[in-house]
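So the structure is just underneath, and the comments pick up after that.
Not measured: the values here are computed from a predicted model. Along the sequence shown, residues carry numbers from 1. Only this structure's heavy atoms are used, side chains among them; waters, hydrogens and symmetry mates stay out.
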Amino acid sequence: MNSMTTVPTDVLARTVALACRAPSYHNSQPWQWIANRDGLDLFLDPSRLVQTDLNERQALISCGAVLDHLRVAMAAAGWRAHIDRLPDSKNSEHLASISFTEMTVVSDGDRRRAEAIVKRRTDRLPLGPVMDWAGFETALRSRLDDTMALVDVVSDADRSELVEATYLTNVLRFYDTNDFEALHRWTAPFEASEGIPYDSLVSAAEGERVDVGRKFLPTHHPERRPQVPNDFSTILVISAHEHTRRDTLGCGETLSTVLLEATAAGLASCTLTHVTELSVTRHLIERVTGRAFPQVLARIGCAPENEHFPPPTPRRSLADVLTIKP
């Protein structure tokens with residue numbers, strides 16, 4: 001097995017930077033990478049936790065997504081990642097140790113998935129339907145690992161349960177001071193490298209056209225995408241096998257696979273975790289899927305062609321998230 005020291009430093013820096021395009025809760029980017037001669041280590045950064053994420057669930061999902069993005073980025077660069085998850089029983093923030101072997105062939109699929117990292121955006125506007133959902137789902141499931149997490153497609157008949165869960169979440173959180181303060185903190189316009197930028201949010205009128213979505217602080221955008229009057233996306237639910245850090249991390253890795261496969265197929269996507277934060281709404285989702293531990297939802301649909309492509313959401317500098325040790 002080739003050691004980590006055979007990976008050129010510039011390749012390592014480039015792939016970590018690409019991996020950090022992964023989605024994270026309120027764009028909090030709660031990860032820290034450390035490179036040494038044995039490979040890479042991924043740590044959860046407690047200083048980056050959103051104040052409402054008391055059990056680190058959202059941060060673990062985010063770190064799972066960045067871990068899978070790293071695997072994808074390294075594969076496109078010609079390196080296979082070997083991941084040891086939660087390797088230190090005495091340090092729960094040490095999420096993964098990763099070593100690498102050089103690949104003999106980089107496939108077109110490897111390259112497409114890495115290109116999808118750059119192209120992916122969170123699209124909170126209403127989406128059109130996926131015309132060949134059966135074909136996309138077949139391709140997607142060929143990439144999923146059921147030992148990591150479980151993925152269910154919500155039928156049209158069951159969508160009303162998710163609409164109810166969304167409504168209940170919004171009502172219960174309306175007077176939640178901590179939630180309001182967290183939203184204000186992570187949607188503040190003055191930050192250049194973290195949080196959700198103003199242009200990525202939706203107005204109240206736009207939000208009303210999405211039946212399963214999160215309400216953020218009000219914006220004053222002119223009405224966008226009027227040709228899609230309602231949301232026709234398909235919704236996936238990603239559930240953990242058990243209520244453990246390892247399983248929650250796996251849900252984040254699975255989310256990454258879903259989002260990148262959707263992007264590579266030319267589809268738009270939006271991640272939702274707020275409806276799984278409260279027990280009462282979580283139970284509604286459990287009723288739909290028959291799974292005990294729903295963690296994250298993803299809306300998958302079509303955005304109109306030739307629409308303005310929004311700029312990428314800002315990220316922290318590489319120096320802030322990667323330490324290279326001799």
Inset, instruction - Evaluate the side chain to side chain contact (heavy atoms under 4.5 Å, CB included) criterion for residues L44 and L49: first the C-alpha distance (whole Å), next the side-chain angles of each, then the deciding distance (0.1 Å), finally the verdict. - result: CA-CA 9 Å; L44 187 152; L49 292 177; 4.0 Å; yes
Inset, instruction - Evaluate side chain to side chain contact (heavy atoms under 4.5 Å, CB included) for T257 paired with D68, printing each intermediate quantity in order. - result: CA-CA 7 Å; T257 299; D68 186 69; 3.6 Å; yes
Inset, instruction - Give the intermediate values and the outcome of side chain to side chain contact (heavy atoms under 4.5 Å, CB included) for residues I117 and R113. - result: CA-CA 7 Å; I117 292 177; R113 282 182 280 278; over 6 Å; no
Legend entry - Test side chain to side chain donor-acceptor pair (under 3.5 Å) applied to T244 and H241, step by step: CA-CA 8 Å; T244 68; H241 287 279; over 6 Å; no
Legend entry - Trace of the side chain to side chain contact (heavy atoms under 4.5 Å, CB included) decision for L260 with R143: CA-CA 11 Å; L260 295 184; R143 302 293 308 171; over 6 Å; no
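Closest approach of C270 to R124, counting heavy atoms only: SG-CG, 4.0 Å. Scanning both residues, L318 and A17, for their nearest heavy atoms gives CD1-N, 3.9 Å. Heavy-atom minimum distance, L67 versus L249: CD2-CD2, 4.3 Å. The shortest non-hydrogen separation linking C20 to R315 is O-NE, 2.8 Å. Residues A116 and T263 approach most closely at O-CG2, 3.6 Å, considering heavy atoms. Scanning all heavy atoms of the two residues, the minimum distance from A157 to S160 falls at O-OG, 3.8 Å.
Annotation for R80: atom CZ does not count as buried by contact number, only 12 or fewer foreign heavy atoms lying within 6.0 Å. Environment of CG in D132: crowded, with over 12 heavy atoms of neighbouring residues, nucleotides or ligands closer than 6.0 Å.
Of the candidates L95, I34, T323, I34 is the only one forming a side-chain contact (heavy atoms from CB on, under 4.5 Å) with F43.
By the 4.5 Å heavy-atom criterion applied to side chains, F136 and T234 are not counted as neighbours. Residues S97 and H94 have side chains in contact (heavy-atom distance under 4.5 Å, counting atoms from C-beta outward). Side-chain contact check for V258 versus S269: every heavy-atom pair is 4.5 Å or farther apart. The closest side-chain heavy-atom distance from V163 to E161 is not below 4.5 Å. Side-chain contact between V288 and V237 is absent, with no heavy-atom pair separated by less than 4.5 Å. F293 has its side chain out of reach of C251: every pair of non-hydrogen atoms, C-beta onward, lies at least 4.5 Å apart. Considering only heavy atoms from C-beta on, E137 comes within 4.5 Å of V153 through its side chain. Side-chain atoms of V151 and R141, non-hydrogen and from C-beta on, do get closer than 4.5 Å to each other.
Between the side chain of R111 and the main chain of V106, a donor-acceptor pair closer than 3.5 Å is present. Not a single donor-acceptor pair under 3.5 Å links the side chain of R245 to the backbone N or O of L60. Checking side-chain atoms of D247 against main-chain N and O of H243 turns up no donor-acceptor pair under 3.5 Å. Under the 3.5 Å distance criterion, the side-chain polar atoms of D231 are matched with a main-chain donor or acceptor of L127. Between the side chain of Q32 and the main chain of V321, a donor-acceptor pair closer than 3.5 Å is present. Using a distance-only test at 3.5 Å, with no hydrogens or angles considered, a donor-acceptor pair links the side chain of N36 to the main chain of G39. Remark: the backbone N or O of T313 is paired with a side-chain donor or acceptor of R21 at under 3.5 angstrom. Remark: side-chain polar atoms of R120 are not paired, donor with acceptor, to backbone N or O of L259 under 3.5 angstrom. Not one N or O on the side chain of R246 forms a donor-acceptor pair closer than 3.5 Å with the backbone of R85. Listed for the R299 side chain is a donor-acceptor partner under 3.5 Å among the backbone atoms of D123.
A distance of 10.5 Å separates OG1 of T248 from CD of E242, quoted to the nearest 0.5 Å. Interatomic distance, CG of D41 versus CD of E93, reported as 14.0 Å (0.5 Å rounding). In this structure, the separation between CZ on R291 and CG on D152 is 4.0 Å, given to the nearest 0.5 Å. Note that the CG atom of L255 and the CG atom of L297 stand 10.0 Å from one another [nearest 0.5 Å]. A distance of 8.5 Å separates CG of D110 from CZ of R71, quoted to the nearest 0.5 Å. From I61, atom CD1 reaches atom OG1 of T254 across 10.5 Å, with rounding to the nearest 0.5 Å.
Placement of V66 and L12 within a single hydrophobic cluster is found when ILVMFWY residues are connected by side-chain heavy-atom separations under 4.5 Å, directly or transitively. Residues V16 and V11 share a single hydrophobic cluster, defined by chaining ILVMFWY side chains whose heavy atoms lie under 4.5 Å apart. Residues L322 and M74 are members of one and the same hydrophobic cluster, defined by side-chain heavy-atom contacts under 4.5 angstrom among Ile, Leu, Val, Met, Phe, Trp and Tyr. Linking Ile, Leu, Val, Met, Phe, Trp and Tyr whenever their side-chain heavy atoms come within less than 4.5 Å leaves V210 and F232 in two separate clusters. Placement of W79 and L70 within a single hydrophobic cluster is found when ILVMFWY residues are connected by side-chain heavy-atom separations under 4.5 Å, directly or transitively.
Contact check on R48 versus D320 returns no salt bridge, with no Lys/Arg side-chain nitrogen under 4.0 Å from an Asp/Glu carboxylate oxygen.
With hydrogens and angles left out, the side-chain atoms of E277 and H274 include no donor and acceptor closer than 3.5 Å. For the residue pair Q295 and R57, a side-chain donor N or O sits within less than 3.5 Å of a side-chain acceptor on the partner.
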